[in-house]
Number of protein chains: 2
Amino acid sequence: MSSLCFPVSAKKYRELNDESRQLVAQRFAVLAEPMRLRLLQILFSGELSVNGLVKLTGGTQTNVSRHLHTLTAAHLLDRRKQGSQVFYRVADPTVRKLCELVCGSLEKQFSEQADAFRAD
Amino acid sequence: MSSLCFPVSAKKYRELNDESRQLVAQRFAVLAEPMRLRLLQILFSGELSVNGLVKLTGGTQTNVSRHLHTLTAAHLLDRRKQGSQVFYRVADPTVRKLCELVCGSLEKQFSEQADAFRAD
DNA sequence: TGTCTATATGCACATATGCGCATGTCCAAC
DNA sequence: GTTGGACATGCGCATATGTGCATATAGACA
């Protein structure tokens, strides 16, 4: 399984071109929004309608809908219409891994800072 | 190894609070910038001075320096002064994993889209 | 057909952010 | 001490983006 930035050989990594780098940056940008992360977190437990997400998040219908659109356009969510309702669910399993990696990194970072204080 | 959003039990995930979510979003935001990704890519091969990075990227000294500051403030890079030069190196190994995950996801996404065209 | 609910979207506004120019700071070498 | 190189930063500007309000669209139900 190769990838745009996966190791090509043992130590050599293929470099992304400007266009690919732009796409990677856009993917990260989609995740760089607290409300979108909140929506993803909720949807990790299963699919839900827009109204359900509005109620759980406390956000406005406009805002929730727009963020869901952004996440769907990035292929991170799938859309399913049922009657007048629209159900969204996580389409890309890597999203959860990305969040876990960042959370783990932040936790480690803060732990080390706490240790540094104790060491003083 | 627990984490702010790691699985607490088999299927139950602990939810982040607003503050933690904000921090996760900020971490993603740091990565949501093509020039910063370019700098990280280069630094994956080893530490380098600001001037070295300016020459390799073709960016202005101002811009490179500012992005390096952003990455360092986020604890993704480490700074080492040697004389009048400053050398930067990757401090957080998860950054590489994050980029690889996104690249893999994008590659899969485009492959599936290509297949969909062929299927037609 | 008319009304109510669910969802999406055009518009305007406030804020955030990347960028270049000019300048400041720090260090080395003469 | 002075000069020059390496790096950082204040300022202003252009652009991008998140948000709410009002409205449009679409489907359910009487």
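This structure is a prediction, so every number in the text was calculated from the model and none was measured. Chain letters run A, B, ... following the sequence lines, proteins first and then strands; every chain starts at 1.
- There is no side-chain donor-acceptor pair under 3.5 Å between B:T60 and B:N63.
- If you check every strand for non-hydrogen atoms under 4.0 Å, A:T60 touches sugar and phosphate atoms only.
- Between B:H69 atom NE2 and C:dC19 atom C1' the separation is 16 Å, expressed in whole Å.
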Donor-acceptor contacts, no H, no angles, side chain residues 51-58 of chain B, under 3.5 Å, sequence neighbours left out:
unit_1	atom_1	unit_2	atom_2	d
B:T57	OG1	B:L53	O	2.7
B:T57	OG1	B:V54	O	3.4
B:T57	OG1	B:G59	N	3.2

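- In this entry the distance linking OH of B:Y88 with P of D:dA6 reads 15 Å, nearest Å.
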What one-letter contact string describes nucleotides 23-30 of chain D from 5' to 3', where B marks a base within less than 4.0 Å of any protein heavy atom, S marks contact via sugar-phosphate atoms alone, and - marks no contact? ----SS--
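- Put simply, NE2 on B:H67 is 17 Å from P on D:dC7, counting in whole angstrom units.
- Relative to the six-membered ring of B:F44, B:R96 meets both conditions, a distance below 6.0 Å and an angle of at most 45° to the axis.
- Of the residues in residues 45-58 of chain A, not one places a heavy atom less than 4.0 Å from an atom of DNA chain D.
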Between protein and nucleic acid, restricted to nucleotides 11-17 of chain C and to nitrogen or oxygen atoms under 3.5 Å apart, what atom pairs and distances do you find?
none

Cut-off 3.5 Å, no hydrogens considered: what does the side-chain donor-acceptor table look like for residues 23-30 of chain B, sequence neighbours left out?
unit_1	atom_1	unit_2	atom_2	d
B:R27	NH1	A:S105	OG	2.9
B:R27	NH2	B:A74	O	3.1

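- Under the side chain to side chain contact (heavy atoms under 4.5 Å, CB included) criterion, B:Q113 pairs with A:H75, B:Q109, B:F110, not counting sequence neighbours.
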